[in-house]
Chemist: 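Handing you a structure now.
Being a predicted model, the structure only gives us computed values, none of them experimental. Naming: A, B, ... by sequence-line order, numbering from 1 per chain.
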Number of protein chains: 2
Amino acid sequence: MASDSLTSREKILDAAEALFARRGYAGVGLREVAESVGLVKSSLFHHFRSKAQLYCEVIARVLDRIRLGLAPVLDSDVGPVERLDRGVEALIDALAEHPPTARLLLRSLVEEDDFDSAPEALRVEEALGEILDGMGRLLREGVEAGVFREVSVPHMVQTLIGATVYHFASGDLGERLLGRPVLCAEEVRRRKRELQDLLHSGLVVNFPPRVRSEA
Amino acid sequence: MASDSLTSREKILDAAEALFARRGYAGVGLREVAESVGLVKSSLFHHFRSKAQLYCEVIARVLDRIRLGLAPVLDSDVGPVERLDRGVEALIDALAEHPPTARLLLRSLVEEDDFDSAPEALRVEEALGEILDGMGRLLREGVEAGVFREVSVPHMVQTLIGATVYHFASGDLGERLLGRPVLCAEEVRRRKRELQDLLHSGLVVNFPPRVRSEA
DNA sequence: GTCTATACTACGATAGAC
DNA sequence: GTCTATCGTAGTATAGAC
């Protein structure tokens, strides 16, 4: 098993990620986290000072994954439309890679508890800021170059978050609408295409109708 | 005070709605709900059998408000584009009317606790089903009439939910992006316009460029 | 690094006086 | 319809043995 090569710390973070994604910060007890990795509750305090710190580290790790997937695309030297397409693909790949990701992220965006006191919250702020700035920069450049419509950049960032993070966090509701799990391979591909098509006709000025090459 | 004319039951529902919106089901204690309306914890059990029932009634009330705002629009006899525009307006008005609405709704969509055992959960299912069916029907009719692009209807429903419910639930993050509260009057108007414009160019086939008549 | 044991607080829910 | 009092459980966190 791959999990045998993980440190206790990493196993705890994985377990906590799955649980926080499913039931939120307040809905998860440390006892449950501990027992799902074969420890007792108090052993967690050897690895993390408090529940709040554990939570912050889980969120920071998720945001880092997104940031690492997105950064090379957003920093690449291709035109805005190509970068937009690849950005959507990279973001969706990062969200779909592990099932808890989108749910955890959506919860953390909506949660308003102030974990700001914890020093680990700085890592969260930093990663989030970088992701949002990158998305905003891409949109602003496209608008200024006349390649994108004159949309409100912050509103379009919100729309992109909703169309990706919310979608893959929607669980049962999404499955009910689509008729199968939002995270199954076909529906992930479909989501990319639907969103890219929406952006091509709804954001890009005079985008040439796309000829599909896939099966 | 208007609150003097409310029954205890209604006051409790209002208080619980605000609290559940902010901290979620597990994050709110009945003690806090009770004391925010000037009661002690055990008095709540005279009005609601359990915490789960209280929560279901709160969610059902919110969904009913949305449904009542949306139904007349979706059932009206105008064309798909006009219905889409008015639907977006009605949905956003319902979400923006009371600050907790969108947050509570987003949380309930992402929450996966099974309250299905409670009989009150039926009201929730019914209202949610009616809202989703209405949105789906509008989109399907538009596509079949050739007025909308051939999008995936379920994916577009998801996009609409993300663009509205997520947006107005985004709280601090939304405010950080927009530079002011997502629920302030100007940003609510702006959201309607941005989303309608996105849909006009991104969903409607050959939509004529719109001449704005507003201030 | 993990364990047992424990301190203290809060939770949801019930019983019964008024 | 609201109160006080209480039950049983579970929460976060700490102390100290191994």
Side-chain angles (χ1 to χ4, degrees), chain A residues 1 3-59 107-108 111 113-121, chain B residues 1 3-59 107-108 111 113-121:
Chain A
M1 286 271 290
S3 69
D4 289 1
S5 66
L6 297 178
T7 65
S8 274
R9 199 189 144 83
E10 283 164 337
K11 282 194 236 177
I12 294 167
L13 284 168
D14 285 344
E17 182 175 319
L19 287 167
F20 284 140
R22 272 206 278 276
R23 288 202 291 282
Y25 180 76
V28 173
L30 294 182
R31 185 190 179 219
E32 197 177 3
V33 176
E35 289 183 352
S36 77
V37 293
L39 294 177
V40 295
K41 192 173 43 166
S42 57
S43 298
L44 294 189
F45 291 92
H46 182 77
H47 301 278
F48 302 94
R49 281 194 323 279
S50 66
K51 185 186 184 185
Q53 191 214 341
L54 171 59
Y55 181 74
C56 285
E57 299 229 17
V58 167
I59 301 290
R107 289 197 119 106
S108 81
E111 221 78 57
D113 287 309
D114 37 339
F115 298 99
D116 310 326
S117 52
E120 293 77 15
Chain B
M1 286 271 292
S3 68
D4 289 3
S5 66
L6 297 176
T7 64
S8 273
R9 203 190 140 81
E10 284 165 335
K11 281 194 237 179
I12 294 167
L13 284 168
D14 285 344
E17 182 175 319
L19 287 167
F20 284 139
R22 271 206 277 276
R23 290 202 289 285
Y25 180 75
V28 174
L30 294 182
R31 186 190 180 221
E32 195 178 4
V33 176
E35 290 183 352
S36 78
V37 294
L39 295 176
V40 294
K41 189 175 46 164
S42 58
S43 298
L44 294 189
F45 291 91
H46 182 77
H47 302 277
F48 304 94
R49 283 194 322 281
S50 67
K51 185 186 183 183
Q53 191 214 343
L54 171 59
Y55 181 73
C56 285
E57 299 230 16
V58 167
I59 300 291
R107 290 196 118 106
S108 81
E111 221 78 56
D113 286 308
D114 37 341
F115 298 100
D116 310 326
S117 51
E120 294 76 15

Chemist: Would you list the protein and nucleotides 10-14 of chain C atom pairs, both N or O, that sit under 3.5 Å from each other?
Modeler:
unit_1: C/dG12; atom_1: OP1; unit_2: B/Val28; atom_2: O; d: 3.4
unit_1: C/dG12; atom_1: OP1; unit_2: B/Lys51; atom_2: NZ; d: 2.9
unit_1: C/dG12; atom_1: OP2; unit_2: B/Leu30; atom_2: N; d: 2.7
unit_1: C/dG12; atom_1: N7; unit_2: B/Lys41; atom_2: NZ; d: 2.9
unit_1: C/dA13; atom_1: OP2; unit_2: B/Lys51; atom_2: N; d: 2.9

Chemist: At what distance, to the nearest 0.5 angstrom, does CD of A/Glu10 lie from CG of A/Leu13?
Modeler: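 A/Glu10 atom CD to A/Leu13 atom CG measures 7.5 Å (nearest 0.5 Å).
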Chemist: Scan for side chain to side chain donor-acceptor pair (under 3.5 Å) pairs involving residues 35-45 of chain B, sequence neighbours excluded, and state none if there are none.
Modeler: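 Every candidate side chain to side chain donor-acceptor pair (under 3.5 Å) pair involving residues 35-45 of chain B fails, so no pair, neighbours aside, qualifies.
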Chemist: Report the distance from atom NE2 of B/His46 to atom CG of B/Leu39, rounding to the nearest 0.5 Å.
Modeler: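 So the gap between those two atoms works out to 10.5 Å.
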Chemist: For residues 51-59 of chain A, tabulate all N or O donor-acceptor pairs below 3.5 Å that involve a side-chain atom, not counting sequence neighbours.
Modeler:
unit_1: A/Lys51; atom_1: NZ; unit_2: A/Tyr25; atom_2: O; d: 2.9
unit_1: A/Lys51; atom_1: NZ; unit_2: A/Val28; atom_2: O; d: 2.9
unit_1: A/Gln53; atom_1: OE1; unit_2: A/Arg49; atom_2: N; d: 2.6
unit_1: A/Gln53; atom_1: NE2; unit_2: A/Glu57; atom_2: OE2; d: 2.7
unit_1: A/Gln53; atom_1: NE2; unit_2: A/Glu120; atom_2: OE2; d: 3.3
unit_1: A/Glu57; atom_1: OE1; unit_2: A/Arg9; atom_2: NH2; d: 2.5
unit_1: A/Glu57; atom_1: OE2; unit_2: A/Arg9; atom_2: NH2; d: 3.4

Chemist: How close do A/Ile12 and A/His47 get, counting heavy atoms only, and between which atoms?
Modeler: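 Heavy atoms only, the tightest pair is CD1-CD2, 3.6 Å.
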Chemist: Quick one: how far along DNA chain D does chain A reach, first to last nucleotide 5' to 3', anything under 4.0 Å to a heavy atom?
Modeler: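 The contact span of chain A on DNA chain D goes from D/dG11 to D/dT14.
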Chemist: Where is the tightest heavy-atom contact between A/Leu30 and A/Leu44, given as atom of each residue plus distance?
Modeler: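 Scanning both residues, the minimum pair turns out to be O-CD1, 3.5 Å.
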Chemist: My understanding is that only residues two or more places apart in sequence, or in another chain, count here; which of them pass side chain to side chain donor-acceptor pair (under 3.5 Å) with A/Arg23?
Modeler: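 Applying side chain to side chain donor-acceptor pair (under 3.5 Å) to A/Arg23 gives A/Glu32.
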Chemist: B/Ala16 and B/Val33: which non-hydrogen atoms are nearest, and at how many Å?
Modeler: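 Minimum heavy-atom separation between B/Ala16 and B/Val33: CB-CG1, 4.2 Å.
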Chemist: Check each residue of residues 13-22 of chain B for a non-hydrogen atom within less than 4.0 Å of any atom in DNA chain C, then write out the ones that pass by number, or none.
Modeler: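 Heavy-atom contacts with DNA chain C come from no residue of residues 13-22 of chain B; none.
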